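Everything on this sheet refers to the single structure shown next.
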Amino acid sequence: MADRTGTWWRRRAAVREHVAQVATLEQQVARLERRGQDLERILRGLGEGVLAVDRAGIVVHANRAAIELLGLDAAGGLGSHMFVVVPDSDVCELLEDVMRGEEPVQSKEVVVERPHGEQVLVINIRPLRAAGSEVDAEPEGAIAVVRDVTELRRLERARRDFFGNVSHELKTPIAAIRGAVETILDDPEMAIDVRVRFLDGARRHTRRLEALVSDLLALARYEGSPRELERTSVDLSVLAREVISASDDLAAGGSVRLEVDQPKGIAAVVRGDEEALRQALSNLVSNAIAHSGEGGVVRIVLERGEGALTVSVVDQGEGIPAEAIERIFERFYRVDTARSRGRGSTGIGLSIVKHVMQAHGGRVEVDSELGRGSTFRLVLPV
Ligand code: ADP
């Protein structure tokens, strides 16, 4: 009897232990599932694409970014062989190399054609090893991390182009100044009028250098963060009149008339950086004067619209060819390069205008007709 009771108690204890073990296991499974879901969420939220394959080349994971960047089908090809689902076979070969242990890490940059243009991807491939395994243990698979570097490459190219352009623009006046100085030094007997001519040329090129450097400094300032602006209340009607009177000499040279047109009662006060706005307006006015013919009129027109103040600079000059309109706000772009350079233009003026407006949360617009004139509009939020 006592024996049977003992067995019953032992069995009961064993069942209880078993139930407790099952409960712990269930908790562990739930914890693992939660962890798996967390990991899934993290991978889904990543901007980088993550594609994992096992040793046989079967896709075991592909997050949303990998599906988009590598052009996998919507399900990510889970359970299929990578050669079937990854369109770029080079990527599969790199994954295989890494798994074979031939290369510990592989990196590749690929350019892919997309409907909206080219996309540049950097793909980094590493072996996949179990946690805690030796570094040189045979990989259980491989993982590819894909990053979209299209914007980065575009910025790098823009930076290279910028330095190329700056060096080119600086070289021309420097060579001219050096040429003039050396010619004078080489010929002590040079007639005074010839010497004056050379010195005059050197002075012209020095001014060109000055204009270029000050435009570059302005560009560096306004292209940076809008936080660098010193904002105060600026009355644009006062600013317009100041710019007009400062440009009078320039206009008189080409006998161009300057006017400000402001309907009565229009409040023209905005929050902004006075110096930056002065520079933007003054660049537009000097362009309008430079491209106006003898007897032309340049008008600054102030208008109030829905939540914005518009300052237009209107000329009746030569206008801009339709195919150039899109490019005139680019740095160093000039419509008629040889003629503009002769005028001492740098090709940076409109680029400064664009950045000043962007820094103020506004924009610059242009309408132009060849032979009839141009209208540049500064639209500022109020
Ligand atoms: P630039 O220093 O050459 O004036 P901008 O960036 O100010 O440089 O202007 C770029 C080009 O746009 C100029 O070379 C010129 O050909 C054209 N442009 C700008 N404003 C006018 C205008 N009001 N009328 C005609 N062409 C203009």
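Indexing begins at 1, ligand by ligand and atom by atom, following the structure's order. Residues take their numbers from the sequence shown, with the count starting at 1. What you see is a predicted model, and the numbers here were worked out from it, not measured in a lab.
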Decide if atom CZ of Arg147 counts as having more than 12 heavy atoms of other residues, nucleotides or ligands within a radius under 6.0 Å.
no
Enumerate the atoms of ligand 1 whose separation from the nearest heavy atom of Leu350 is less than 4.0 angstrom.
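Listed by number with element, the hits are 5 (P), 6 (O), 7 (O), 9 (O), 10 (C), 12 (O), 19 (C).
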Looking at Tyr333, which atoms of ligand 1 are within less than 4.0 Å of one of its heavy atoms?
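What qualifies from ligand 1 is 10 (C), 11 (C).
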Aromatic rings Phe332 and Phe162: how do their planes relate, parallel, tilted or perpendicular, breaks at 30° and 60°?
tilted
Charged N to carboxylate O below 4.0 Å: is that the case for Arg203 and Asp200?
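A salt bridge links Arg203 with Asp200.
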Does Arg153 come within less than 4.0 Å of Glu118, counting only side-chain N to carboxylate O?
no
Can you tell me which portion of [X] lies within the under-4.0 Å heavy-atom range of ligand 1? Options are side chain, backbone, both, or neither.
{"X": "His291", "value": "side chain"}
{"X": "Ile320", "value": "side chain"}
{"X": "Asp315", "value": "side chain"}

Would you say Thr346 and ligand 1 have an N/O pair spaced under 3.5 Å apart?
yes
Would you indicate which of Gly349, Gly347, Ala288 comes nearest to atom 2 (O) of ligand 1 when only heavy atoms are counted?
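Of the listed residues, Gly347 has the closest heavy atom.
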Does even one non-hydrogen atom of Phe329 get within less than 4.0 Å of ligand 1?
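Flag not set, Phe329 not near ligand 1.
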Within less than 4.0 angstrom of ligand 1, does Gly317 place any heavy atom?
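It does not; every heavy atom stays at 4.0 Å or beyond.
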Check the pair Asp367, Arg377 against salt bridge (Lys or Arg N to Asp or Glu O under 4.0 Å), reporting the backbone distance first and the verdict last.
CA-CA 9 Å; Asp367 282 326; Arg377 278 185 298 276; 3.0 Å; yes
Could you check whether Thr310 and Glu303, counting side-chain N and O atoms only, form a donor-acceptor pair closer than 3.5 Å?
no
The residue among Leu72, Ile143, Val146, Leu69 that forms side-chain contact (heavy atoms from CB on, under 4.5 Å) with Leu51 is Leu72
